[in-house]
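Heads up, the thing below is written out as structure tokens.
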Amino acid sequence: MKTKINPLACIILAAGKGERMKSATPKVLHQICGRPMLHYVLDVVSSLKPKEMVCVLGHQHEQVAKVLPKTIKAVLQRKQLGTADAVKSGLSGLKSFKGTVLVLCADTPLLKKETLGKLIKYHTENACAATILTVLLVKPAGYGRILRDRYNSIFGIIEEKDADDFQKEIKEINTGIICFDKDKLIKALTKVRPNNRKKEYYLTDVISILSSQEERIEGVCIEDVDETMGINSRVELAKANSVMQRRINEKLMREGVSIVDPATAFINYGTKIGPDSVIYPFTVIDNDVIIAKRCFVGPFAHLREGARLEDEVILGNFTEIARSKIGSRTIAKHFCYVGDSRVGRQANIGAGVVTANFDGTSKHSTLIKDNAFIGSDTILVAPVVIGKYAKTGAGSVVTSRQNVKDGQVVVGIPARPLVNKNQPKTTPALRRGLR
Ligand code: UD1
Ligand code: MG
């Protein structure tokens, strides 16, 4: 029999103070692999294609609103009186909606679509008043515990702060992700009182209220303990970051990228890397980086925003690339900084090369053309252009706007053309691997 799928609305709670983060930044904007944790939750919610999506904002709402996509309705919870009050605010944005309401906390960024799908399916098939996503934790401290009677039926949730020693032993926890029948939720919310240690209106109290009305409450217990991790502190933030990093790295490896030591490859969400590229240990890749095929990066490389590597680029240890495009087969094997630059194909960036792109007020760009050879320890003071097959001597300083012509060889400080009759007009093309 095909189950009738009820219309779905999602309420994402993001109004809380996030006190345990001890931060001036709103909790849900703290980053995980280069992205605010809220965005992961919004992605997974959007993938369910709900009829309505409402995000409840409160504490520092102006800042959070800035990163909220237009497809998501924002409602304001004026005072942070607790999760039940936040859901009430959320419902004010769903006046004409009828059906299932899925409540999620914006501080659970590791959730997967399949899990939510399973929860909603179970809720609908069993026509429950509430269905709670739960998980068994060896160390459940900090979470609300699921209370079950001797028939194994759920009759409540008790928060850690209000739990007695016996209840604290319960390993099954509330992930904060709960499906509700909208009408039953609204009625139960009117009965919630702040009778607890924190003097807050707890959404979790809705469960005991519905239970006392003999309504059907179920739990869907999942196995993956990482997925529902709630981020309340910096320690949990770091844990979530490493789980997400593992997911990102494993996806890249499945797509054909070699990551020598996934535990020390810090690659931000959304990085594109072509097949047969190799990422060596202790490499940091920030947002908005694209690496093409068969590149070698690291160890100890830092690719910052706007780095673009074409095919077969080699970047060795202690190389930093920012807002720069590096042409195919160009090599920079040892410590260097390339910023705001465009580097052609098959160029050689020697050890210790620096593009001095900042004059204290503004940033300037450097253009290094195909097959140029930038000698060790060269400083290129931007804006400057280095011609095709041009060569700079070791330790030279090419000053700004003193462009080096195609095939020209410059040396010294400030760099000037080398006067040497024996010097060939053009340097031979530097082939890959030749040093
Ligand atoms: C909550 C649950 C707990 C569960 C845990 C899972 C309650 C009372 N407790 O606890 O049972 O085990 O999540 O991670 O629901 N928020 C608002 N407005 C408020 C208060 C909170 O929008 O007035 C938002 C927060 O921004 C956050 C979410 O609600 O996204 C949960 O709040 P948080 O303070 O993190 O609750 P926990 O103590 O983690
Ligand atoms: Mg929380």
Side-chain angles (χ1 to χ4, degrees), residues 10-21 23 25-30 36-38 40-42 45 54-61 63-64 68 74-93 103-111 130 132-137 139-147 154 156-163 167-168 170-178 180 185 189 192-209 219 222 225-237 239-240:
C10 297
I11 300 179
I12 302 135
L13 307 183
K17 288 199 192 86
E19 269 170 0
R20 288 163 278 182
M21 294 300 283
S23 173
T25 304
K27 172 164 84 172
V28 297
L29 297 192
H30 277 263
M37 69 168 99
L38 173 67
Y40 292 96
V41 181
L42 296 181
V45 166
V54 176
C55 189
V56 182
L57 307 182
H59 183 65
Q60 294 177 309
H61 59 92
Q63 261 173 280
V64 184
L68 211 62
V75 297
L76 194 64
Q77 181 195 19
R78 295 202 179 276
K79 278 188 183 169
Q80 280 58 71
L81 302 175
T83 45
D85 182 70
V87 170
K88 258 191 190 172
S89 305
L91 287 165
S92 71
V103 176
L104 310 99
C105 302
D107 64 354
T108 49
L110 300 174
L111 263 181
I132 309 160
L133 189 70
T134 75
V135 71
L136 297 171
L137 294 183
K139 290 182 185 164
Y143 290 96
R145 310 296 208 279
I146 304 291
L147 304 176
I154 296 176
I157 299 174
I158 184 91
E159 289 305 298
E160 165 102 9
K161 280 203 169 143
D162 305 298
Q167 290 164 329
K168 278 184 187 155
I170 299 171
K171 305 282 187 241
E172 188 183 15
I173 64 104
N174 168 32
T175 62
I177 298 140
I178 312 179
F180 292 100
L185 170 65
L189 278 171
V192 175
R193 299 284 172 267
N195 296 332
N196 51 61
R197 280 268 178 95
K198 279 175 93 180
K199 305 271 176 285
E200 283 187 3
Y201 292 84
Y202 283 168
L203 177 66
T204 42
D205 286 353
V206 163
I207 301 302
S208 54
I209 293 165
I222 59 158
V225 293
D226 288 337
E227 226 190 287
T228 51
M229 193 193 293
I231 313 304
N232 300 306
S233 68
R234 309 260 183 174
V235 174
E236 286 157 347
L237 183 72
K239 276 189 197 155

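Note that ligands are numbered from 1 as they come in the structure, with each ligand's atoms numbered from 1 the same way.
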Need the ligand 1 atom indices (1-based, order shown) with element for anything under 4.0 Å from a heavy-atom of [X].
X      : answer
Ala14  : 22 (O), 26 (O)
Ala106 : 30 (O)
Asn232 : 35 (O), 39 (O)
Tyr202 : 8 (C)
Ala86  : 17 (C), 18 (N), 22 (O)
Gln80  : 23 (O)
Gly144 : 3 (C), 4 (C), 11 (O), 12 (O)

Considering only the protein, which heavy-atom contact is closest to [atom], and what is its distance?
atom                    : value
atom 4 (C) of ligand 1  : Asn174 O, 3.2 Å
atom 27 (C) of ligand 1 : Leu13 O, 3.8 Å
atom 22 (O) of ligand 1 : Ala15 N, 2.9 Å
atom 23 (O) of ligand 1 : Gly82 N, 2.9 Å

Would you give the length of the straight line joining atom [atom1] of [X] to atom [atom2] of [Y], rounded to the nearest 0.5 angstrom?
X      : Y      : atom1 : atom2 : answer
Thr175 : Ile222 : OG1   : CD1   : 7.0 Å
Leu203 : Ile178 : CG    : CD1   : 5.0 Å
Leu81  : Lys199 : CG    : NZ    : 14.0 Å
Leu237 : Lys27  : CG    : NZ    : 10.5 Å

(message) Report whether any nitrogen, oxygen or sulfur of Asn232 sits less than 2.8 Å from the Mg ion (ligand 2) (N, O or S, backbone or side chain).
(response) yes

With a 3.5 Å distance limit and no angle check, can you tell me whether [X] reaches the backbone of [Y] through a side-chain donor-acceptor pair?
X      : Y      : answer
Thr134 : Glu172 : no
Arg145 : Ile173 : no
Asn196 : Glu200 : yes

(message) Among the N, O or S atoms of Asp107, which one sits nearest to the Mg ion (ligand 2)?
(response) OD2

(message) Against Ile132, only a single residue in Ile177, Thr204, Asn174 fulfils side-chain contact (heavy atoms from CB on, under 4.5 Å); can you say which?
(response) Asn174

(message) For Leu13, run the side-chain contact (heavy atoms from CB on, under 4.5 Å) check against Val87, Asp107, Val28, Val54 and tell me which one passes.
(response) Val87

Which is closest to [atom] in terms of heavy atoms, [options]?
atom                    : options                     : value
atom 28 (C) of ligand 1 : Pro140, Cys105, Gly16       : Cys105
atom 15 (O) of ligand 1 : Val56, Thr83, Asp85, Val41  : Thr83
atom 2 (C) of ligand 1  : Lys27, Glu159, Gln77, Arg20 : Glu159

(message) Looking at Lys161, I want to see if its NZ is surrounded by more than 12 non-hydrogen atoms of other residues, nucleotides or ligands under 6.0 Å.
(response)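 No, because the 6.0 Å sphere around NZ of Lys161 holds 12 heavy atoms or fewer from other groups.
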
(request) Please check if atom CZ in Arg234 has more than 12 non-hydrogen atoms from other residues, nucleotides or ligands closer than 6.0 Å. (result) yes

(message) Do Leu189 and Leu91 have side chains that approach each other closer than 4.5 Å (heavy atoms only, starting at C-beta)?
(response)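 With C-beta onward as the side chain, the pair touches.
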
(request) Would you mind reporting whether Leu104 and Cys10 have side-chain heavy atoms less than 4.5 Å apart? (result) yes

(message) Heavy-atom contact check, 4.0 Å cutoff: does Thr204 meet ligand 1?
(response) yes

(message) Taking a cutoff of less than 4.0 Å between a non-hydrogen atom of the residue and any ligand atom, is Thr175 in contact with ligand 1?
(response) yes

(request) With heavy atoms under 4.0 Å as the rule, classify the contact between Thr228 and ligand 1 as side chain, backbone, both or neither. (result) neither

(message) Side chain or backbone, does Asp107 bring an N or O within less than 3.5 Å of an N or O on ligand 1?
(response)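 Yes - when backbone and side-chain N and O of Asp107 are compared with those of ligand 1, one distance drops under 3.5 Å.
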
(message) Would Gly176 count as a polar contact of ligand 1, with the cut-off being nitrogen or oxygen pairs under 3.5 Å?
(response)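 Checking ligand 1 against Gly176, no N or O pair falls under 3.5 Å apart.
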
